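Inspection log for the structure reproduced underneath, given as structure tokens.
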Amino acid sequence: MGKGAIKEEESERKRKTWRWPLAALVVVLLAAAVSSRTASNVGFFFSDRNSCSCSLQGTGKYKGIVEDCCCDYETVDNLNSEVLNPLLQDLVTTPFFRYFKVKLWCDCPFWPDDGMCRLRDCSVCECPENEFPEPFKRPFVPGLPSDDLKCQEGKPQAAVDRTIDNRAFKGWVETNNPWTHDDDTDSGEMTYVNLQLNPERYTGYTGPSARRIWDSIYSENCPKYSSGETCPEKKVLYKLISGLHSSISMHIAADYLLDESSNQWGQNIELMYDRILRHPDRVRNLYFTYLFVLRAVTKATAYLEQAEYNTGNNAEDLKTQSLIKQLLYSPKLQTACPVPFDEAKLWQGQSAPELKQQIQKQFRNISALMDCVGCEKCRLWGKLQVQGLGTALKILFSIGDHHTLQLQRNEVIALVNLLNRLSESIKMVHDMGPDVERLMEDQIAKVSAKPGRLRRIWDLAISFW
């Protein structure tokens, strides 16, 4: 064999050694380009929920025990679909759990007011009355603030409907929670909000303002733990916030404004895939957060069973009491997953008190950051769910031999509504996840075969082979 032939053979062998890594990189670029397209370019939607018959257990992605918990994925899915989700769906519509008392007018304690948190005097946008949907024009109940409705971040769907009825609540004991930034003591600036009129959904709150909130949460108060992290408490905090973030993203994607001109709402499966489903760690953290909050509810059984769910509507209040008992004493739950999360393994060692104070401070900062959210409806659900998570932390980690459990009415409402939010997200992941992933993978394959920008990326890679 001549020298020229040998040299040519060596050159071909070298080309082959990096040809496949380059191909793999191109495939990743194709997938990333497809998943990062804007929501306005969504060309297909998940519409047939009844076609979803396969479970996550069948996909092979989520098997065994949920990390750091005491139940496996299949058990969680079955319990949630058959028992917990139906009960929670009924429970959050009752008068007691329907209304949440919240302070929507606020000052951000971390950075100067840049228009993100102005509700009475919104400098971002004041919408003319004829731009608001009719439900936003309903008269306010006497005693509630009568200020003009403002659009938040230029989106009227971000405004909160404050319409409530004349239900009366019996007072509960006011107590402090060491895990949350409490601004509930100043009741003069607080109002009742009907959660059923203000569903958690897409509001148009995106861009730098929204990213600033999550960046502050993760970078300053809840950094992702390294693979070698040995402190389980730090891992728990990160996973709780990540799981809550996943749940919020699921609800935004599931109830999305697809076409603003025709007011068409539906499921944005592209966003659902990009934000949650293509990230297995985010799905696992969602399951973890669900079991953590469920454990807090079951641990507080004695308190929740005896609590007064009094709204002045005797029939509805009896129904609420019955649903609470069904939730707390579900035979299937007690048999299949009696202890969803074992909190006793945490806060061990001599440094436990200092570590708890540190993590409490971090979570208090996270709860205070909800005052910096520049969208009224996002702030409502952010405050409710962070307070619910803070209530779960209080139940599991702040009640000991020298402290008896005392909860505010608002804490109970936040806790149960948070559990329902997480339950809905778990159900969507289980029911829709496999089909959404399959549709997205098919779409990626189709786009990669079409001419255009993605094809040019592929052709460019080919030219280097």
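Note that the numbering runs from 1 along the sequence shown for the chain. Just so it is clear, the model here is predicted, and its values are computed rather than measured.
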Salt bridge (charged side-chain N to carboxylate O under 4.0 Å, His left out) pairs touching residues 245-259, sequence neighbours excluded, are Arg201-Asp255
With sequence neighbours left out, write down each residue that passes ring pair (Phe, Tyr, Trp, His ring centres under 6.0 Å) with His251, or none if nothing qualifies. none
For Trp381, side-chain hydrogen bond (donor to acceptor under 3.5 Å, both in side chains) partners two or more places apart: none
Residues two or more places apart in sequence or in another chain: which of them pass side chain to side chain contact (heavy atoms under 4.5 Å, CB included) with Cys71? Val76, Leu291, Cys337
Can you name the residues that form a side-chain hydrogen bond (donor to acceptor under 3.5 Å, both in side chains) with Thr301, not counting sequence neighbours? none
Mind checking side-chain hydrogen bond (donor to acceptor under 3.5 Å, both in side chains) for Asn285 and listing every partner two or more places apart, or none if nothing turns up? Ser242
Set of side chain to side chain contact (heavy atoms under 4.5 Å, CB included) partners for Gln357, sequence neighbours left out: none
Just grab all the salt bridge (charged side-chain N to carboxylate O under 4.0 Å, His left out) pairs involving residues 241-253, residues at least two apart or on different chains. none
For Arg421, check salt bridge (Lys or Arg N to Asp or Glu O under 4.0 Å) against everything at least two apart and list the hits. Glu200, Glu424
Only counting residues at least two apart or in another chain, list the ones meeting salt bridge (Lys or Arg N to Asp or Glu O under 4.0 Å) with Asp68. Lys239
Run the side-chain hydrogen bond (donor to acceptor under 3.5 Å, both in side chains) test against Gln360 and tell me which residues pass, sequence neighbours left out. none
Could you pull out all residues at least two apart from Glu82 that satisfy salt bridge (Lys or Arg N to Asp or Glu O under 4.0 Å)? Lys332
